[in-house]
Amino acid sequence: MNQKSAPIYEALEHFRKKRVVPFDVPGHKRGRGNPELVELLGEKCVGLDVNSMKPLDNLGHPVSVIKEAEELTAEAFGASHAFFMVNGTTSAVQTMILSVCKAGDKIILPRNVHKSVINALVLCGGIPVYVEVKVNPKIGIALGVEVAEMRRVMEENPDAVAVFLNNPTYYGICSNLVEIARLAHERGMKVLVDEAHGTHLYFNDNLPISGIAAGGDLAAVSMHKSGGSLTQSSILLCGEGVDAEYVRQIINLTQTTSASYLLLSSLDISRRNLALRGEESFAKVSRMAEYARSEINAIGGYYAYGKELIDGDSVYDYDVTKLSIHTQGIGLTGIEVYDLLRDEYDIQIEFGDIGNVLAYISIGDRIQDIERLVGALEDIKRVYGKDTNDLYCGEFIQPEVVLSPNQAFYSEKKQVAIAETAGMICGELVMCYPPGIPILTPGERITEEIIEYIQYAREKGCSLQGTLDPNVEMLNIIE
C-alpha cells in the first residue's frame with residue numbers, strides 16, 4: 001500500500017474546498033455560531049469539526065476513506081487489522097477484554113495494570129487472577145512478569161481465557177512477551193497487550209519487541225502519547241486469527257457514534273509520519289533520552305535508570321525512550337520534584353509518584369528542552385535537596401483479592417474513615433493519577449500498609465482519585 005497516502009486527511013481537505021452549506025450537526029456550523037471557539041482553536045480547525053457523511057465515511061461501519069486508513073495503519077504496524085479509536089486507549093483496552101472475557105471467565109494479569117482494565121472487569125464480570133511481580137527495592141517500582149511465575153499461574157488456572165500484559169510499563173519495563181505468548185497459545189489462551197506507552201516499539205528495531213510482533217492477539221496503542229496524534233486518539237491492533245468483525249461489534253458497544261474527524265485525521269496523518277519517518281525519529285528520541293540519563297546521573301542523588309536493569313527475566317528488556325528518574329536520593333519524593341518543576345521552573349513532566357518522576361520524551365522534543373530539564377533538576381537538588389531519612393520506600397503493594405471487581409462494585413457499601421478500614425474489603429478504586437495504576441480496586445482487602453501508603457501519598461501531594469469522597473478521607477467499604 002502507499003504509505004504516503006492519508007485518506008481521511010485528503011478527504012477532509014477536498015470537503016473543505018467545496019464550501020458545503022451545513023444543515024447537519026455540529027451546531028456551531030463551522031464555527032459561525034461560536035466565535036469564541038474559533039478564536040481559541042482557529043477557523044480551519046473548527047471548520048473541520050464535521051459530522052459523518054458519505055464522502056467522509058463512518059467509523060462505526062467504514063467502507064471508504066476510514067477503511068482505507070485503517071488498512072494502511074495495519075500494514076504500517078504489521079497487524080492483520082487496525083481500528084481507529086476516538087475514546088482513548090481506555091476504550092481500546094476495554095474492547096480487548098470485552099472481546100475475550102465474559103462473566104465468570106478468568107484472565108491472568110499483573111496487578112500493576114491501568115484502571116481501565118479493572119473497569120472492564122467490572123463491566124464484563126471477568127475474574128482477575130494476578131501473577132506476582134517483583135519490586136526493585138532500590139527504586140520501588142514493579143518489574144515485569146517472570147516466565148516461570150506466569151507458567152505456574154497458567155498451570156494452576158488452565159481455564160483462564162487470556163493473559164494481559166503491559167508493554168512497556170509506564171517506567172519502561174518489558175517482560176518476555178514472545179515466551180509468554182507461546183505459553184499462552186499452547187494453552188488456548190489469548191494474549192492482550194496494553195501498549196499505551198509503546199507506539200514507538202513498532203518503528204525501530206533497536207527498541208523492545210512490539211506486542212503484535214511478539215505474537216499478541218490484540219494490542220491497544222496510544223498513538224497520542226509517543227506517536228504524535230491528538231489527545232484521546234488511539235488504535236487497536238489485531239494479530240493473526242482474530243475475528244476483526246466481532247471485535248468491531250464490541251467496539252461499537254461503547255465507542256461514540258459521533259467520531260471526531262479532528263481525531264481521526266490526526267491518526268491518519270500520524271500513521272503516515274511514522275511509516276515514512278518513524279525509524280529515524282525514534283532513533284533520535286532514544287539518543288536524547290540516553291543523553292538526558294547520562295547528564296542527570298552526573299548530577300548525583302538522582303538515579304535515571306536504563307538498560308542496566310535488564311536481567312533477562314523480571315526485566316527482560318528496557319525501553320530507553322522512557323526517562324524515568326528516582327528522586328529520593330536528594331531527599332524528595334517524585335511528586336515533590338514534579339510540583340517544583342511545574343511551579344518554579346515552568347516544566348511540565350508526565351507524572352511524579354512517591355519515588356520517581358517520568359519525563360516523557362517523544363518526536364516533538366528538542367535538545368534545548370532536555371538541557372532545560374537537566375538544569376532545573378540540578379537546581380532543585382541544590383536549593384531543595386534534604387535528608388532522605390523520612391522517605392517512604394515501598395511503592396508497589398499487591399493486595400489480596402476477596403471478591404471480583406464486578407461483585408464488589410455492585411455490592412452494598414458504606415463510608416468508613418480510611419484510618420479505620422484495615423481488614424475490610426474495598427468497594428471502589430483508589431489510585432494516584434497519573435499513572436492510574438490502582439492502589440486498591442473493588443474487592444480487595446485493605447491492610448495497614450495500604451492505609452499508610454494512601455495517607456503518605458496524600459500528604460506528599462499525589463492526586464488521589466477514584467473515590468466517592470473527593471478528599472480521600474473516607475473509603476467505600478463493602479458491608
Side-chain angles (χ1 to χ4, degrees), residues 107-114 117 128-157 160 162-187 189 191-198 201 206-211 213-216 219 289-290 293 297 303-326 328 334 351 353-358 393-401 435-439 449 453:
I107 181 169
I108 300 170
L109 64 163
R111 178 57 178 71
N112 59 324
V113 292
H114 187 260
V117 179
V129 178
Y130 291 121
V131 56
E132 187 176 353
V133 293
K134 291 181 177 177
V135 174
N136 181 300
K138 181 178 179 180
I139 53 181
I141 66 167
L143 303 178
V145 175
E146 295 183 350
V147 171
E149 178 64 12
M150 177 62 83
R151 184 187 292 109
R152 182 188 68 78
V153 175
M154 287 179 177
E155 289 172 352
E156 291 180 358
N157 299 274
V163 299
F164 185 101
L165 293 162
N166 304 309
N167 189 54
T169 68
Y170 227 136
Y171 303 94
I173 307 293
C174 297
S175 302
N176 187 346
L177 273 184
V178 173
E179 182 60 15
I180 292 172
R182 185 188 69 80
L183 291 172
H185 289 152
E186 279 181 354
R187 293 160 172 80
M189 301 175 189
V191 178
L192 315 180
V193 188
D194 182 348
E195 292 186 306
H197 301 278
L201 305 186
N206 293 320
L207 295 172
I209 192 168
S210 69
E290 292 285 36
R293 223 180 317 274
N297 285 331
Y303 175 34
Y305 37 96
K307 283 203 164 190
E308 72 281 356
L309 295 181
I310 294 174
D311 60 12
D313 199 2
S314 59
V315 185
Y316 184 75
D317 207 347
Y318 188 81
D319 174 12
V320 296
T321 72
K322 297 289 184 294
L323 184 57
S324 300
I325 308 159
H326 187 65
Q328 290 192 354
F351 81 85
D353 59 25
I354 298 301
N356 304 271
V357 293
L358 172 64
C393 295
E395 167 61 23
F396 182 73
I397 304 166
Q398 186 158 309
E400 174 196 0
V401 178
I437 298 168
I439 301 168
E449 184 185 16
Y453 181 80

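Heavy atoms only: backbone and side chains are in, while hydrogens, waters and symmetry mates are out.
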Chemist: With a sphere of 6.0 Å drawn around OH of Tyr305, does it hold more than 12 non-hydrogen atoms of other residues, nucleotides or ligands?
Modeler: yes
Chemist: Nearest heavy-atom pair of Val320 and Leu207: which atoms, and what distance?
Modeler: CG2-CD2, 4.0 Å
Chemist: Holding to side-chain hydrogen bond (donor to acceptor under 3.5 Å, both in side chains), I want the full list of residues that pass it with Asn167, two or more places apart in sequence or in another chain.
Modeler: Glu195
Chemist: Can you find a pair of side-chain heavy atoms, one from Lys322 and one from Tyr171, that are under 4.5 Å apart?
Modeler: no
Chemist: Do the non-hydrogen side-chain atoms of His326 and Ile141 ever get within less than 4.5 Å of each other?
Modeler: no
Chemist: Are the side chains of Glu132 and Glu146 in touch, meaning some heavy atoms are under 4.5 Å apart?
Modeler: no
Chemist: How would you list all residue pairs meeting salt bridge (charged side-chain N to carboxylate O under 4.0 Å, His left out) that involve residues 303-314, not counting sequence neighbours?
Modeler: none
Chemist: Quick check for you: to the nearest 0.5 Å, what is the distance between Asp353 atom CG and Ile437 atom CD1?
Modeler: 8.5 Å
Chemist: Output all residues satisfying side-chain contact (heavy atoms from CB on, under 4.5 Å) with Glu186, sequence neighbours left out; order by chain, then residue number.
Modeler: Arg182, Leu183
Chemist: Evaluate the side-chain proximity of Pro128 to Val117: yes if any heavy-atom separation is below 4.5 Å, no if none is.
Modeler: no
Chemist: Taking only residues two or more places apart in sequence or in another chain, which ones pass salt bridge (Lys or Arg N to Asp or Glu O under 4.0 Å) with Glu149?
Modeler: Arg152
Chemist: Which residues satisfy the side-chain hydrogen bond (donor to acceptor under 3.5 Å, both in side chains) test with Thr321, sequence neighbours excluded?
Modeler: His200, Asp319
Chemist: Which atom names give the shortest non-hydrogen contact between Arg293 and Tyr318, and what distance separates them?
Modeler: NH1-CE2, 4.2 Å
Chemist: State, to 0.1 Å, how close Pro110 and Val133 come at their nearest heavy-atom pair, and which atoms those are.
Modeler: CB-CG1, 3.9 Å
Chemist: Applying side chain to side chain contact (heavy atoms under 4.5 Å, CB included), run through Ile354 and Gln328 and close with a yes or a no.
Modeler: CA-CA 8 Å; Ile354 298 301; Gln328 290 192 354; 3.8 Å; yes
Chemist: Are side-chain heavy atoms of Met150 and Leu165 found at a separation under 4.5 Å?
Modeler: yes
Chemist: Mind checking whether Ile108 and Phe164 have side chains closer than 4.5 Å, heavy atoms only?
Modeler: no
Chemist: Run the side-chain contact (heavy atoms from CB on, under 4.5 Å) test against Ile439 and tell me which residues pass, sequence neighbours left out.
Modeler: Cys432, Ile450, Tyr453, Ile454, Leu464
Chemist: State which residues pass salt bridge (Lys or Arg N to Asp or Glu O under 4.0 Å) with Asp194; sequence neighbours excluded, sorted by chain then number.
Modeler: none
Chemist: List the atom of Leu177, the atom of Ala214, and the distance in Å for their closest heavy-atom pair.
Modeler: CB-CB, 3.6 Å
Chemist: For Ala184, check side-chain contact (heavy atoms from CB on, under 4.5 Å) against everything at least two apart and list the hits.
Modeler: Met154, Val163, Met189, Val191
Chemist: Asn157: which residues meet the side-chain hydrogen bond (donor to acceptor under 3.5 Å, both in side chains) condition with it, sequence neighbours left out?
Modeler: Lys106
Chemist: Specify the closest pair of heavy atoms between Leu323 and Ala304, including all atoms of both residues, with the distance to one decimal.
Modeler: CD1-CB, 4.3 Å
Chemist: Within the 4.5 Å heavy-atom criterion, are Ile209 and Asp317 side-chain neighbours or not?
Modeler: no
Chemist: Check side-chain hydrogen bond (donor to acceptor under 3.5 Å, both in side chains) between Glu400 and all other residues, then give those that pass, not counting sequence neighbours.
Modeler: Arg445
Chemist: Roughly how far, to the nearest 0.5 Å, is CD1 of Ile173 from CG of Asn166?
Modeler: 11.0 Å
Chemist: Check Asn112 against Ala142 and note the closest heavy-atom contact, atom names and distance.
Modeler: ND2-CB, 3.8 Å
Chemist: Report the residues that fulfil side-chain contact (heavy atoms from CB on, under 4.5 Å) with Lys138, sequence neighbours left out, ordered by chain and then residue number.
Modeler: Asn136, Tyr303
